Peer 1: 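First the structure, which I've put down as structure tokens, then a few questions once you've had a look.
Since the model is a prediction, treat every value here as computed from it, not as a measurement. In what follows, residues are counted from 1 in the order of the sequence shown.
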Amino acid sequence: MALLVPHLDAAYNLARWLMHNETDAEDLVQEAYLRAFSHFGGFRGGDGRAWLLAIVRNSCYDCLKQKGSRGQDTDFDEAVHSAGRQASNAETLLILKERAELVTESLAELPADYREVLVLRELEQLSYREIANIAGIPLGTVMSRLSRARQRLQLSLLAKAEQEGTGRANQPH
């Protein structure tokens with residue numbers, strides 16, 4: 001069971017991105033850990049992180065189905081909830097915060113299937129095979145979803161940056 005404790009941050013990170021609600025994410029991670037501990041006898045060895053994240057993922061989607069929505073309760077603010085990023089000055093801090101907000105907004109706007117594989121690959125650094133096992137999808141589907149998710153994220157970021165640039169150009173100095 002000590003095998004699962006180091007993965008608490010990864011479990012919470014996945015849950016908060018899928019649920020869009022920190023309180024629900026915390027509750028679902030607790031529920032997932034309880035499920036994992038009670039079913040630990042069925043764990044066949046291997047990667048405990050992938051096994052736990054699959055339980056978290058399934059718990060999140062079960063909850064979203066029960067709510068009858070795709071979990072759009074509240075926005076998650078990465079800039080506020082990130083672990084202590086320090087900047088050399090206020091201007092740098094503001095630029096980093098704005099960039100983080102743009103990425104967070106764009107990631108949150110992705111469909112859940114795309115957001116899920118991006119979070120697991122880019123934020124949790126899981127292999128394609130691990131993502132396929134967690135999501136219960138073929139390896140080729142993981143690769144195609146990641147490709148599409150990255151393209152959509154890039155287009156969204158470019159559009160937001162262009163929109164922001166246009167907005168600043170129209171503001172008086």
Side-chain angles (χ1 to χ4, degrees), residues 3-22 24-78 81-82 99-161:
L3 176 72
L4 303 178
V5 175
H7 308 301
L8 182 60
D9 288 340
Y12 176 69
N13 192 38
L14 177 60
R16 72 181 178 180
W17 279 107
L18 292 178
M19 298 305 298
H20 286 280
N21 180 299
E22 290 186 41
D24 287 348
E26 290 170 358
D27 292 344
L28 285 165
V29 168
Q30 288 177 3
E31 181 182 315
Y33 265 80
L34 289 174
R35 283 184 186 176
F37 288 140
S38 67
H39 294 94
F40 196 72
F43 179 59
R44 310 237 187 294
D47 188 2
R49 181 179 188 197
W51 182 70
L52 175 66
L53 291 177
I55 294 171
V56 170
R57 175 194 182 271
N58 293 337
S59 296
C60 288
Y61 284 126
D62 288 347
C63 181
L64 290 171
K65 284 178 191 170
Q66 287 175 354
K67 285 184 174 186
S69 71
R70 295 308 291 171
Q72 300 293 326
D73 293 327
T74 59
D75 291 333
F76 176 75
D77 188 347
E78 182 72 32
H81 299 95
S82 293
R99 287 181 183 168
E101 287 172 0
L102 286 176
V103 172
T104 299
E105 287 173 18
S106 294
L107 186 57
E109 291 169 359
L110 290 176
D113 292 345
Y114 291 169
R115 188 173 55 246
E116 172 184 60
V117 294
L118 264 179
V119 167
L120 291 172
R121 178 69 184 149
E122 303 301 337
L123 300 181
E124 296 305 325
Q125 301 293 306
L126 294 176
S127 71
Y128 290 8
R129 174 77 54 210
E130 291 170 319
I131 296 168
N133 290 336
I134 290 167
I137 56 178
L139 191 60
T141 303
V142 171
M143 291 187 279
S144 64
R145 282 187 188 171
L146 269 171
S147 176
R148 290 183 186 119
R150 288 174 177 147
Q151 288 173 347
R152 287 179 79 166
L153 183 65
Q154 183 180 22
L155 290 173
S156 177
L157 288 170
L158 289 172
K160 288 179 185 308

Peer 1: Knowing that exactly one of L52, I55, V56 qualifies, which makes a side-chain contact (heavy atoms from CB on, under 4.5 Å) with Y33?
Peer 2: L52
Peer 1: Can you tell me how far apart CG (D9) and CG (N13) are? Round to the nearest 0.5 Å.
Peer 2: 8.0 Å
Peer 1: Does the pair D27 and E31 meet the rule for a side chain to side chain contact (heavy atoms under 4.5 Å, CB included), with working shown?
Peer 2: CA-CA 6 Å; D27 292 344; E31 181 182 315; over 6 Å; no
Peer 1: Minimum heavy-atom separation for I134 and R57, please, with both atom names.
Peer 2: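 Residues I134 and R57, closest heavy atoms: O-CD, 3.5 Å.
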Peer 1: Starting at CG of N21, measure out to SG of C60 and round the result to the nearest 0.5 Å.
Peer 2: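 N21 CG to C60 SG: 10.5 Å, rounded to 0.5 Å.
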Peer 1: Atom CG in L28, atom CG in D62: separation rounded to 0.5 Å?
Peer 2: 9.0 Å
Peer 1: Measuring from atom CG of L155 to atom NZ of K160, what distance do you get when rounded to the nearest 0.5 angstrom?
Peer 2: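 Here the rounded value is 12.0 Å.
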Peer 1: Of all heavy-atom pairs between A108 and W17, which one has the smallest distance, and what is that distance?
Peer 2: N-CZ3, 4.3 Å
Peer 1: Out of curiosity, L158 CG to S106 OG, how far, rounded to the nearest 0.5 Å?
Peer 2: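 The CG atom of L158 sits 9.0 Å away from the OG atom of S106.
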Peer 1: Can you check side chain to side chain contact (heavy atoms under 4.5 Å, CB included) on I137 and R145, steps first, answer last?
Peer 2: CA-CA 10 Å; I137 56 178; R145 282 187 188 171; 3.5 Å; yes
Peer 1: How close do L153 and L107 get, heavy atom to heavy atom, and via which atoms?
Peer 2: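 Minimum heavy-atom contact is CD1-N, 3.7 Å.
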Peer 1: Can you name the closest pair of heavy atoms from L53 and L14 and give their distance?
Peer 2: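 For L53 and L14, the tightest heavy-atom pair comes out as O-CD2, 3.7 Å.
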Peer 1: Kindly give the heavy-atom pair with the smallest separation between L110 and R152, and that separation in Å.
Peer 2: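 Closest approach of L110 to R152: CD2-CB, 3.6 Å.
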Peer 1: Please report the closest heavy-atom contact between Y12 and A25, naming both atoms and the distance.
Peer 2: CE1-CB, 3.8 Å
Peer 1: How many angstroms lie between atom CG of L118 and atom CG of L123, to the nearest 0.5 angstrom?
Peer 2: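 One finds 8.0 Å between CG of L118 and CG of L123.
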Peer 1: Going through the checks in order, is the side chain to side chain contact (heavy atoms under 4.5 Å, CB included) test met by R150 and L146?
Peer 2: CA-CA 6 Å; R150 288 174 177 147; L146 269 171; 4.2 Å; yes
